[in-house]
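Single-structure report; data block below.
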Amino acid sequence: MVKVRCPVIAGEIMRYSKYFIPTYKEIPSDAEVISHQLMLRAGMIRKLTSGIYTFLPAGLKTVRKVENIVREEMNRSGAIEVLMPAVQPAELWQESGRWDFYGKELLRFKDRHNHDCCIGPTHEEVITDLVRKEIRSYRQLPVNFYQIQTKFRDEIRPRFGVMRCKEFIMKDAYSFDADEAGADKSYQIMHDAYMRIFQRCGLRFRPVEADSGSIGGSYSHEFMVLADTGEDEIISCMKCNYAANLEKAEVKAPAETETAKASWEPLQDVETPNVHTIDELTAFLSTGPNHILKTLVFVADGNPVAVLIRGDHQVNEVKLKNFLRADTIELASPGLVAELTGAPMGFAGPLGLKSKIIADHAVRGMVNFITGANKEDLHFRNVNLERDFKVNEFADLRVIMRGDRCPRCGGEINFGRGIEVGHVFKLGTKYSKAMHAVSLDDRGEEQPFFMGCYGIGIARTVAAAIEQNHDRDGIIFPISIAPFEVALLPLQMHEKNVVEISDGIYNACLADGIDILLDDRDVRPGVKFKDADLIGIPVRVTLGERTLKQGMAELKLRSEPKEVLIPLADVPGAVRAKVKELYDQIK
RNA sequence: CGGGGCGUGGCGCAGUCUGGUAGCGCACUUGCUUUGGGAGCAAGGUGUCGGAGGUUCAAAUCCUCUCGCCCCGACCA
């Protein structure tokens, strides 16, 4: 059974008048996205400087609730909590080779002894160093260490409030196994733990396959909270559970068809003065872009390569990079294109090209198509594969698009947006080999650790929850991560009766372990309603003279428009039941 | 780093073009009234107009430099 309650922390102030939740009526002008606006307005965060935020009490409470869920599920999965330093010596990073590779995101500085240091953006080096010093034998494996800690990445452009900032709270875990099979198992355990974590956070999410660079295979999943405002575009199958981000999403190669040589028409020149783009070409020749073959020249690790793709398709540079096993890849400059093809940009074609030629699978299905002629203002018509030119290799090189089918089951696919809140990644032996981190196997031989790393953006998860759950009045928090479970609103603080009854209910709820906020401010009722809605407290109990006369209180959910009247004596029980019901819904 | 925008009281903004010594709403303080969806009236406090330099009798306003922030792009285990 999954434990869902986050216990009230003893001694916490729960009276609004003595607490600190500074809300804004107006939208701060420098907040663009809704979660950023609402976190500022609800008094959860304040900005110190670009990309760096203070968490105010209500924001911190929510962060702590996410952390606690993460901690419980990590512990349940067998991971062990540690806390590593924020400041790290350059030596470790030089050893892994990342000191020179990491770029400007790595904040570097020198200490008084002139030693190079950095503030950790991630902790592979530190944990690998720890494990290589402390773990000797395969008998001590597997292990998985995690921490919840503040990290720093000197982002080029921090934005969207707490979603993409420089200093951020992250849970990161690192697994160490004796062999590949063990690493796969550790990966799966983390994958499962992440499913439980985000479920308990009350989020609609999806694990999607992500690009894993040179490692390949399905050994990287991003956990995406589904929200229209998400930064990442993802696709998911409506029939099976295949889901992937756009750069990873596979496109199934079309079935092999017999080349219809009989239908081949003779090759023709077409004068195309000043026609450079696919759009211009389709208009000029009155044809569809799917009858045109695009020839793009890329430079992969310094070597030019021509990439052929159907006119209505787009090259997926991540796929191209992985296919070529290149470290860097970029579109060739106009000068290089001219040098290679003998024509200015816009007239490149595969005929007579000297460079390596690779093509997307879809090109195979094209007949009598149009290509550039490698000569200014000239194209060819009725070009055909084999007869007119040869392709070195075919591969899946394009971006998936609307109308494509699921690569796994052929089902219809859905395009959507998501916010990446977690990432599980199989590292293999990259760091253990570089840093000579080994254990002895059962034959007494040294073996590098097989590693995995697993991250969760804690504050980003909070922001994602808000992006997904809000309305015109403010945040609608899932109860498991709301700053308070219940808001108690005595409407007339000058009426002794109202105050006494609300104090009684407040104490009864506290005794029940309910995380309740008593809004004991002497302000007008409207202010209390507005603030409770803005902050997003899931359950609201209202005590006003009007219903008190009938011996009743009001119970309302933030997520629903209607309230119900409850006899005063039943209020603590009804609150307890409502809270439980809300937790049960997200189990 | 390239392009664009903005810095005026705690917050949101007007004033800048056309130079004349700073204003509005919210918030805040006090009093009275009010009390079920961000109250009303009255009184009050609040600014080195982001900073530095320059032009001018006079600069929030014009000029130069500079700092910060936001947006778009490039970038992103």
Side-chain angles (χ1 to χ4, degrees), chain A residues 22-33 36-37 40-41 43 46-52 93 96-98 101-106 120-125 127 151 153-161 163-166 168 170 172-174 210-215 219-222 231-232 245 247 317-318 328 330-331 420 422-428 430-431 451-457 472-474 489-495 498 519 521-535 540-549 552-554 556 561 563 565:
Chain A
T23 57
Y24 289 151
K25 216 186 288 192
E26 287 166 299
I27 301 171
S29 64
D30 56 0
E32 194 77 1
V33 299
H36 189 196
Q37 293 173 358
L40 288 166
R41 289 188 54 207
R46 289 293 182 262
K47 185 172 70 185
L48 177 62
T49 182
S50 180
I52 300 183
W93 287 73
S96 72
R98 288 210 288 187
F101 263 99
Y102 209 92
K104 288 183 184 165
E105 272 185 29
L106 182 62
T122 177
H123 282 70
E124 280 86 3
E125 282 81 1
I127 195 71
K151 303 204 180 296
R153 288 181 197 171
D154 199 354
E155 287 280 343
I156 299 173
R157 181 151 87 87
R159 60 187 120 173
F160 309 143
M163 283 230 271
R164 189 177 197 80
C165 49
K166 298 206 274 196
F168 58 101
M170 183 171 172
D172 51 325
Y174 306 89
D211 176 50
S212 51
S214 51
I215 293 169
Y219 283 111
S220 174
H221 285 85
E222 287 169 350
E231 262 194 287
D232 300 301
N245 71 25
E247 61 183 25
E317 294 196 20
V318 172
T328 64
E330 56 184 357
L331 267 173
E420 181 191 347
H423 199 159
V424 293
F425 199 91
K426 191 174 154 191
L427 287 174
K430 180 177 171 188
Y431 294 93
M451 295 171 57
C453 68
Y454 318 93
I456 290 178
R472 213 180 26 231
D473 293 315
L489 313 189
L491 297 187
Q492 295 85 19
M493 287 306 291
H494 53 275
E495 292 291 331
V498 174
D519 192 346
R521 294 175 297 171
D522 188 13
V523 294
R524 296 174 68 83
V527 176
K528 298 191 181 190
F529 290 134
K530 288 287 181 192
D531 278 340
D533 286 349
L534 180 59
I535 298 163
R540 188 179 87 191
V541 178
T542 307
L543 278 174
E545 287 178 301
R546 191 193 287 171
T547 59
L548 231 47
K549 280 181 202 146
M552 298 285 202
E554 249 170 56
K556 182 184 174 299
E563 64 267 323
L565 288 177

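We name chains A, B, ... by the order of the sequence lines, and we start the count at 1 in each one.
Nucleic acid contact class of A/Arg46 (heavy atoms, under 4.0 Å, all strands): none. Using a 4.0 Å heavy-atom distance criterion, A/Asp473 is classed as making no nucleic acid contact.
Using the Watson-Crick or G-U wobble rule with both distances under 3.5 Å, B/rU35 pairs with nothing in any strand shown.
Distance A/Glu231 CD to B/rC72 P: 9 Å, rounded to the nearest Å. Separating the CD atom of A/Glu495 from the C1' atom of B/rG36 is a distance of 13 Å, rounded to the nearest angstrom. In this structure, the CG atom of A/Asp30 is 13 Å from the P atom of B/rC72, given to the nearest Å. When the C1' atom of B/rG10 is taken as reference, atom CZ of A/Arg41 falls 16 Å away, rounded to whole Å. Atom CD of A/Glu247 is separated from atom C1' of B/rC75 by 13 Å (rounded to the nearest Å). Going from atom NZ of A/Lys47 over to atom C1' of B/rC71 covers 12 Å, rounded to whole Å. Across the protein-nucleic acid pair, A/His423 atom NE2 and B/rA77 atom P stand 9 Å apart, rounded to whole Å. Computed from coordinates, the A/Lys25 NZ to B/rC28 C1' distance equals 13 Å when rounded to whole Å.
For the P atom pair drawn from B/rU18 and B/rC62, the interatomic distance equals 9 Å after rounding to whole Å. For B/rG3 and B/rA77, the P atoms lie 26 Å apart once the distance is rounded to whole Å. On the P atoms, B/rU46 is 12 Å away from B/rG10, given to the nearest whole Å. Taking the P atom of each, B/rA14 and B/rG5 are spaced 15 Å apart, rounded to whole Å. The C1' atoms of B/rC69 and B/rG31 are separated by 41 Å, rounded to the nearest whole Å. For the P atom pair drawn from B/rC13 and B/rG20, the interatomic distance equals 24 Å after rounding to whole Å. Taking the C1' atom of each, B/rG19 and B/rC1 are spaced 37 Å apart, rounded to whole Å. Rounded to the nearest Å, the gap between the C1' atom of B/rA59 and that of B/rG50 is 16 Å.
Looking at the side chain of A/Tyr24, the nearest of the listed nucleotides B/rC11, B/rG38, B/rG36 is B/rC11. Set against B/rG36, B/rG37, B/rC70, the side chain of A/Glu554 has B/rG36 as its closest nucleotide. In the set B/rC70, B/rG12, B/rG37, B/rG12 carries the atom at the smallest distance from any side-chain atom of A/Glu26. With B/rC75, B/rA39, B/rC11 as the choices, the nucleotide that has an atom nearest any side-chain atom of A/Arg159 turns out to be B/rC75. Residue A/Ser29 places its side chain closer to B/rC13 than to any other of B/rC70, B/rG38, B/rC13. Listed candidates were B/rA39, B/rA77, B/rC70. Nearest to the side chain of A/Arg524 is B/rA39. Checking B/rG36, B/rG68, B/rA77 against the side-chain heavy atoms of A/Arg153 singles out B/rA77 as nearest.
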Practice item. Please step through side-chain contact (heavy atoms from CB on, under 4.5 Å) for the pair A/Asp30 and A/Lys47, ending with a clear verdict. Key: CA-CA 10 Å; A/Asp30 56 0; A/Lys47 185 172 70 185; 3.1 Å; yes
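Dashed line: the shortest gap from a side-chain N or O of A/Thr49 to OP1 or OP2 of B/rC69 is under 4.0 Å. For B/rC70, the OP1/OP2 oxygens have a side-chain nitrogen or oxygen of A/Ser50 closer than 4.0 Å.
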Protein-nucleotides 41-45 of chain B N/O pairs closer than 3.5 Å?
none

Find every protein N or O atom lying less than 3.5 Å from an N or O atom of nucleotides 1-9 of chain B, and list the pairs.
none

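Of the two residues near RNA chain B, A/Gly544 and A/Lys430, the one whose nearest nucleotide lies more 5' is A/Gly544. Sequence order on RNA chain B of the closest nucleotides to A/Asp522 and A/Pro158 puts A/Asp522 first from the 5' end.
A distance of 11.0 Å separates CD of A/Glu247 from CD of A/Glu317, quoted to the nearest 0.5 Å.
Checked by distance alone, A/Asp531 brings a side-chain donor or acceptor within 3.5 Å of a matching partner on the base of B/rG38.
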